[in-house]
2 protein chains.
Amino acid sequence: MVETAIERQVERRLAESDVRFTRGRRAVIQALVEADGPKSAAELSVLIGAEVPVSSLYRTLAVLEETGVLAPHYSSPGLTRFELAEWLLGHHHHLVCIDCGQVEDLAVDEPTEQQIQALVSTVAKSVSFSETNHALEIEGHCAKCA
Amino acid sequence: MVETAIERQVERRLAESDVRFTRGRRAVIQALVEADGPKSAAELSVLIGAEVPVSSLYRTLAVLEETGVLAPHYSSPGLTRFELAEWLLGHHHHLVCIDCGQVEDLAVDEPTEQQIQALVSTVAKSVSFSETNHALEIEGHCAKCA
DNA sequence: CTTATAATGAGAATAGTTCTTGGTATGGAA
DNA sequence: TTCCATACCAAGAACTATTCTCATTATAAG
């Protein structure tokens with residue numbers, strides 16, 4: 001089992017918080033490294049298998065969120081999806097399928113991202129909102145549902 | 001009680017679907033007309049008062065969503081907020097407070113919106129995603145939590 | 001004013017998630 | 001190694017937002 005660069009970064013971050021990088025936590029990180037977008041507990045449970053019981057899976061997700069390793073994403077009713085935090089995955093946006101609800105990561109090239117950031121900053125300043133980040137969701141039909 | 005232009009539009013839309021514009025439904029629309037952003041069932045319940053019981057409120061929200069009058073919005077775990085659909089309220093974006101979770105509408109001027117739309121179209125096309133809409137959420141601290 | 005249909009209200013039921021409890025594993029000190 | 005303190009884990013109960021059920025009430029059309 002080769003350890004990815006992301007896993008090494010997670011390991012270091014967890015160590016800083018005196019949190020152990022156990023089997024269950026490793027399994028979640030690996031599943032998310034391989035995924036192409038945010039995944040819910042149920043989706044991760046399928047990807048990982050019965051090796052991590054549901055109650056532990058939720059606790060693992062909570063721990064990884066608290067330590068800043070995972071970021072929550074909300075786009076479907078009553079269901080939280082998680083993805084690797086931006087310091088691990090890089091700033092990106094999302095394609096949301098309005099048919100099946102799946103969310104896919106979207107990497108935006110640097111010049112375009114700078115234009116987006118500039119627009120966002122201008123708009124936020126115009127209403128005196130102290131902006132810390134932005135999220136752009138493009139809605140439409142994914143390849144499967146098209 | 002003065003009837004707003006939005007209420008008249010809702011009335012017409014509901015009539016087309018053979019759905020009645022009853023007191024409870026009217027109360028929800030009025031609350032959302034006065035609100036400055038998407039509201040959850042619990043938040044609406046506070047705004048409207050006990051005159052609309054919880055079970056009816058949820059059903060009302062479902063009916064208004066099905067008829068295309070309301071649009072759901074997800075930004076907090078396990079909780080759906082609703083706002084007037086874009087054909088009633090116009091296209092807009094959101095300011096999301098990362099402290100209290102409240103969401104506020106953000107009207108963007110036409111030239112800026114066109115720039116955003118152009119960027120989104122370009123990006124979507126570059127990954128062959130059939131885009132139907134986009135949503136920009138600016139995250140930060142609201143006036144209360146700043 | 002009757003009648004068919006739609007809507008309502010109260011509470012039971014459900015789904016996703018969180019908490020509790022009792023037991024297990026791990027890393028460091030002796 | 002052995003012990004201890006501190007995570008960590010598994011199973012199921014509990015919780016919260018939401019949906020469903022069903023008996024009752026309101027509404028519009030004839």
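The shown structure was predicted, so the numbers you read here are calculated from the model rather than taken from an experiment. Proteins come first, then strands; the chains are lettered A, B, ... in the order of their sequence lines, and each starts at number 1. The analysis underlying the following values was restricted to heavy atoms, covering all of them including side chains, and did not include hydrogens, waters or symmetry mates.
Atom CG of A/L79 is separated from atom NZ of A/K39 by 11.5 Å, given to the nearest 0.5 angstrom.
Between the side chains of A/Q115 and B/Q115, no donor-acceptor pair of N or O atoms lies under 3.5 Å.
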Going 5' to 3' through nucleotides 9-15 of chain D and flagging B where a protein heavy-atom sits under 4.0 Å of the base, S where only the sugar-phosphate is that close, and - otherwise, we get BBBB---
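Taking atom CG of B/L79 as the reference point, atom P of C/dT17 lies 13 Å away to the nearest angstrom.
Scanning all heavy atoms of the two residues, the minimum distance from B/L57 to B/A41 falls at CD2-O, 3.3 Å.
By the 4.5 Å heavy-atom criterion applied to side chains, A/I29 and A/L64 are counted as neighbours. Side-chain contact between B/V103 and B/E83 is absent, with no heavy atoms from C-beta onward closer than 4.5 Å. Looking at heavy atoms from C-beta onward, A/L47 lies out of side-chain contact with A/L32 at the 4.5 angstrom threshold.
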Intermediate values then yes/no, side-chain contact (heavy atoms from CB on, under 4.5 Å), A/V52 and A/L44: CA-CA 10 Å; A/V52 177; A/L44 285 169; over 6 Å; no
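Along DNA chain D, the nucleotide nearest to B/A42 and the one nearest to B/R20 differ in position, and the one closer to the 5' end is contacted by B/A42.
Side-chain nitrogen and oxygen atoms of B/Y58 include at least one within less than 4.0 Å of the OP1 or OP2 phosphate oxygen of D/dT18.
A/T80 comes within 4.0 angstrom of sugar-phosphate atoms only, judged by non-hydrogen atoms across all strands, and of no base. Across all strands shown, A/V19 has heavy atoms under 4.0 Å from sugar-phosphate atoms exclusively, and none from any base.
Residues from residues 95-105 of chain A with heavy atoms under 4.0 angstrom of DNA chain C: there are none.
Taking a cutoff of 4.0 Å between a charged side-chain nitrogen and a carboxylate oxygen, B/K125 and B/E131 do not qualify as a salt bridge.
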